[in-house]
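Input: a single structure, listed below in structure tokens.
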Amino acid sequence: MRPPQRRGAAKQTRLKEADEIRFLDEWIEAGKPRPGTKPPPPSKSAGARPAPPAAGEYPEYGACTRFDELPLSQKTKDALRKENFTEMSEIQRAALPHALCGRDVLGAAKTGSGKTLAFVIPVIEKLYRERWGPEDGVGCIILSPTSDLAGQIFSVIKNVGKYHSFKGGVIVGKRKGIEEEKERVNSLNILVCTPGRLLQHFDETPNFDCSQLQMLVLDEADQILDHGFKRQVDAIISQIPKVRQTLLFSATQTKSVKDLARVSLRDPEYISVHEEARTATPDTLEQYAMIVPLEQKLNMLWSFIKRHLNSKTIVFLSTVKQVKFVFEIFKKLRPGIPLKCMHGRMAYVVQQAIVADFNESTSVLFSTDLTSRGLDIKNVDWVVQVDCPQDIDNYIHRVGRTARYNKKGKALMFLCPEEEAMLEKLKATESKVPIHIRKPKSEQLEQISQNIASVLVKFPNLQQLGKRAFVTYLKSVYLQKDKKVFDLSRFSAEQFAAYAASLGLPVTPTIRFISHKKNVSKKDAEDIDKKQMKSSSKHEVIINPQVNSDLIKDDEDDDILYPKKPTADANMDDGIDDDVLRPKEPTTDTNTKPDKVIELGKPLKKKKLKINVHRPMGTRVKYDDEGNTIPPLASVAEELASEPVVHKDKISQRYAEMLREMREHDKEDKLEHKKSLREKKLQKKLKLKRKRQEETEAESEEDSGSESDRGRDTASKGKRRYFNSDDEEDNAVKDGDVLAQQEALALKLLSKMHS
Ligand SMILES: Nc1ncnc2c1ncn2[C@@H]1O[C@H](COP(=O)(O)OP(=O)(O)OP(=O)(O)O)[C@@H](O)[C@H]1O
């Protein structure tokens with residue numbers, strides 16, 4: 001038993017909290033902004049610390065400029081002050097008042113403008129006002145596209161919610177430790193997770209229960225709603241309560257009404273604070289582009305790093321292999337500044353350690369697009385995009401890693417002359433990207449290809465990595481959807497050879513999806529030999545789109561921008577899915593084919609699958625109408641010529657049907673199982689709740705607690721979707737009736753059978 005003194009103190013705290021919650025609820029309701037309203041520009045007197053509202057006073061909070069003017073719990077206000085958050089940013093001023101009074105919000109604001117707090121505060125406050133306790137289970141889910149971002153959001157929750165008593169957790173990373181996680185997951189109140197990992201719990205954790213969910217948040221909403229996560233997100237949405245508050249935030253918001261309909265927003269507030277702004281990127285960001293031939297990119301990068309030894313820089317490359325290769329090579333060449341690298345093939349803990357380290361040090365971080373969204377790293381001076389971003393949004397997110405929250409920053413992008421269309425896109429008025437062209441200074445360009453080649457001689461394993469870097473880069477360009485920008489047929493074979501040489505490779509690696517014109521003159525062939533370009537022509541590069549599907553299937557470790565279909569565990573293991581921004585699936589649509597297809601492969605003949613009906617086919621036995629055994633597939637076989645043939649599409653159709661049926665049964669079974677577990681759990685919770693409530697009431701009575709308090713307590717609980725005792729009695733009566741009816745029916749049947 002608790003000592004009387006401590007019990008008394010706990011009781012006091014509970015009563016104080018009940019009073020505060022009542023006051024906050026009344027204030028939020030009385031002072032809420034009208035739907036669709038924006039806050040006015042801050043007044044001159046803004047910034048001064050306001051006096052707390054007197055009892056019975058509920059000031060409007062739609063125009064506040066400081067966190068302590070909002071109807072927030074004291075615990076949250078104390079934590080915000082401790083973290084030095086006093087003045088709200090524009091997105092916070094606009095979104096918090098609406099989110100606090102329970103409205104759905106679709107928020108867009110520039111990178112680094114403080115969107116995280118705009119959803120973390122409402123989450124914490126909602127659960128506090130609902131008096132969420134450990135036995136209430138999952139109250140809020142925050143979805144993030146990558147593990148790192150999830151970790152970062154979770155650390156903001158930890159800071160802002162440090163005086164509250166909820167339990168939160170990040171669900172990311174590999175399947176290792178999944179069994180422990182399954183046991184723990186139901187006791188967590190706030191889950192921050194990647195969609196794939198959350199879905200894994202819905203699928204595999206028997207008692208995983210989100211039936212009481214109050215809030216769903218999508219950070220980087222446009223990416224999460226993009227079709228890369230479509231299957232997972234749809235599956236998640238179908239398994240959580242429809243009545244909930246939903247918040248969507250991103251710097252580049254989705255414009256698709258269909259996408260928004262998928263998350264069933266209810267009268268959402270569309271908040272786009274920088275819509276009217278002159279630029280889509282932070283005002284404090286200087287942006288430059290440089291036209292650099294493919295084979296000069298590495299020299300240019302090296303020269304840049306050597307000239308910025310006191311700058312903290314993030315370098316974006318397209319593929320994991322490139323990141324690894326450039327990091328390893330530059331490390332060996334020692335530029336004079338610490339180097340780091342990060343990509344989705346690293347374990348989550350390693351990624352976290354690298355981010356923490358990079359946060360504190362002046363160094364160069366080579367990264368894939370894993371870090372392009374949301375990552376909040378302190379004082380980054382430069383963002384260098386060695387490889388062209390896949391689209392404008394990707395550019396905006398990448399450069400947004402610098403110039404965060406009113407700090408200054410610079411961004412530089414290398415573009416091959418063949419990719420100049422991207423520059424035009426960025427410079428178009430509607431893109432709102434103020435980018436300036438910088439001419440490369442040849443006198444400042446250090447040539448390092450020879451040095452790289454020497455390193456490769458010394459470290460042959462790096463040569464292999466170099467080859468993979470070469471191939472995966474070309475593949476990534478090939479698989480990009482925007483063929484106005486990304487078109488390999490604009491490059492000549494010499495350029496590829498020169499690019500390979502710039503990576504220190506003695507021979508140009510063979511690229512299966514690129515072949516070269518055969519009719520090469522003798523003189524040309526000699527030239528080519530000199531350049532060690534085996535089987536390549538002088539100018540033309542031939543892209544064979546037939547290999548596209550093979551290309552996607554094979555080379556599983558290439559880690560490039562695969563337009564792969566996400567699978568259930570697509571980003572469970574933090575592999576490719578968390579690694580990159582996947583381009584749109586290549587379709588057979590003519591617009592998406594490479595513009596300049598010079599040679600097409602032979603059209604594939606429709607394959608017919610031949611089967612030998614006499615071969616033993618496993619243990620399954622099938623019978624014909626006469627009762628003779630037949631091999632299973634023969635039932636779908638068709639006599640063609642003299643041999644029995646099975647149409648491949650018939651088989652796949654049949655298997656697809658079987659699969660669908662199996663899935664349906666599986667789904668029903670799971671639902672049934674979940675339902676029974678949930679019912680059991682609810683009964684347990686109810687019992688616990690009732691006990692707690694009785695205790696509080698007894699304490700309040702002892703202490704002459706007022707009636708209104710008690711009334712309010714039950715009213716507040718009534719908001720949750722637990723069954724109340726009347727419902728239970730009702731159900732019990734109904735169940736009793738049904739049982740009696742069933743018994744009577746069974747007796748009737750039995751007597752009929754025996755008569
Ligand atoms: N009101 C505030 N006062 C001071 N600093 C703030 C405030 N709000 C946010 N910040 C700081 O601004 C930085 C950027 O915030 P945050 O990461 O939330 O930006 P974001 O809008 O989510 O960016 P991105 O679009 O890149 O994800 C963080 O370091 C955060 O601590």
Side-chain angles (χ1 to χ4, degrees), residues 39 42 46-47 64-70 72 76-77 79-96 99 105-123 142-146 148-160 192 217-224 247-254 271-274 277 279-285 312 314 316 355-356 358-360 367 369-380 383 393-409 411 581:
C64 297
T65 57
R66 296 170 56 100
F67 289 112
D68 51 12
E69 292 172 293
L70 288 173
L72 302 179
T76 302
K77 282 185 180 172
L80 286 168
R81 201 174 318 116
K82 193 104 202 257
E83 295 296 312
N84 290 323
F85 296 132
T86 46
E87 295 285 327
M88 285 187 275
S89 70
E90 264 186 272
I91 183 69
Q92 291 157 1
R93 280 191 73 213
L96 280 172
V105 170
L106 178 69
K110 291 182 188 184
T111 52
S113 58
K115 292 184 285 295
T116 316
L117 279 182
F119 62 77
V120 163
I121 294 174
V123 164
I142 301 177
L143 292 181
S144 143
T146 67
D148 289 279
L149 193 47
Q152 188 180 291
I153 294 168
F154 188 62
S155 62
V156 177
I157 293 176
K158 274 203 293 193
N159 288 339
V160 179
V192 191
V217 179
L218 268 61
D219 191 20
E220 305 297 343
D222 57 333
Q223 191 185 357
I224 290 187
L247 309 178
L248 312 184
F249 281 89
S250 184
T252 47
Q253 203 47 279
T254 180
I271 298 168
S272 181
V273 288
H274 300 121
T279 62
T281 44
D283 295 336
T284 47
L285 176 68
K312 188 189 267 202
I314 303 184
F316 284 106
V355 170
F358 188 56
N359 234 329
E360 301 306 322
S367 177
D369 272 321
L370 179 71
T371 57
S372 67
R373 274 188 182 245
L375 220 60
D376 185 45
I377 295 166
K378 265 192 273 167
N379 305 325
V380 173
V383 167
D393 285 357
N394 186 202
Y395 173 91
I396 290 174
H397 285 282
R398 280 178 174 185
V399 297
R401 298 317 99 211
T402 181
R404 295 179 71 73
Y405 211 80
N406 306 328
K407 293 240 165 65
K408 285 188 177 167
L581 298 169

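Every number for a ligand or one of its atoms is a count from 1 in the order of the listing.
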Original post:
How about R373 and D222: do any of their side-chain heavy atoms sit closer than 4.5 Å?
Top reply: yes
Original post:
How far is atom 8 (N) of ligand 1 from its nearest protein heavy atom, and which residue and atom name does that atom have?
Top reply: Q92 NE2, 2.9 Å
Original post:
What pairs with S113 under side-chain hydrogen bond (donor to acceptor under 3.5 Å, both in side chains), at least two apart in sequence or on another chain?
Top reply: none
Subject >> Any V273 side-chain heavy atom under 4.5 Å of K115 side chain >> reply: no
**OP:** Give the numbers and elements of all ligand 1 atoms closer than 4.0 Å to a heavy atom of K110.
**Re:** 21 (O)
Original post:
Nearest protein heavy-atom contact for atom 30 (C) of ligand 1: which residue, which atom, what distance?
Top reply: D376 OD2, 4.2 Å
**OP:** Write out the residue and atom name of the closest protein heavy atom to atom 3 (N) of ligand 1, then the distance separating them to 0.1 Å.
**Re:** Y405 OH, 3.2 Å
Original post:
Would you say ligand 1 has an N or O under 3.5 Å from any N or O of G114?
Top reply: yes
**OP:** Would you indicate whether the side-chain heavy atoms of L96 and L72 approach each other to under 4.5 Å?
**Re:** no
**OP:** Taking only heavy atoms of R401 into account, list the atoms of ligand 1 that are under 4.0 Å away from them.
**Re:** 26 (O)
**OP:** Report the residues that fulfil side-chain contact (heavy atoms from CB on, under 4.5 Å) with K407, sequence neighbours left out, ordered by chain and then residue number.
**Re:** N379
Original post:
So which protein heavy atom does atom 1 (N) of ligand 1 come closest to, and at what separation?
Top reply: E87 O, 2.8 Å
**OP:** Would you indicate whether the side-chain heavy atoms of D148 and T371 approach each other to under 4.5 Å?
**Re:** no
**OP:** Could you tell me whether the side chain of I314 reaches within less than 4.5 Å of the side chain of F358, counting heavy atoms only?
**Re:** yes
Original post:
Can R404 and D376 be counted as an ion pair, charged N to O under 4.0 angstrom?
Top reply: yes
Original post:
Is the shortest heavy-atom distance from the side chain of V105 to the side chain of F119 under 4.5 Å?
Top reply: no
Original post:
With a 4.0 Å cut-off on heavy atoms, does H397 reach ligand 1?
Top reply: no
Subject >> Min heavy-atom dist E220 to ligand 1 below 4.0 Å >> reply: yes
Original post:
Any idea which protein heavy atom is nearest atom 21 (O) of ligand 1, and the distance to it?
Top reply: K115 NZ, 2.8 Å
Subject >> Closest protein heavy atom to atom 23 (O) of ligand 1, given as residue, atom name and distance to 0.1 Å >> reply: G112 N, 2.8 Å
Original post:
Of all the non-hydrogen atoms in the protein, which one sits nearest to atom 22 (O) of ligand 1, and at what distance?
Top reply: T116 OG1, 3.4 Å
Original post:
Of all the heavy atoms in F67, does at least one lie under 4.0 Å from an atom in ligand 1?
Top reply: yes
Subject >> atom 17 (O) of ligand 1: nearest protein contact (heavy atom, Å) >> reply: R404 NH2, 3.0 Å
**OP:** List every atom of ligand 1 that sits less than 4.0 Å from any heavy atom of F85, numbering the atoms from 1 in the order shown and giving each element.
**Re:** 2 (C), 3 (N), 4 (C), 5 (N), 6 (C), 7 (C), 10 (N), 31 (O)
Subject >> For S113, the ligand 1 atoms whose distance to one of its heavy atoms is below 4.0 Å >> reply: 19 (O), 20 (P), 21 (O)
Subject >> Presence of salt bridge, K110 and D283, under 4.0 angstrom >> reply: yes
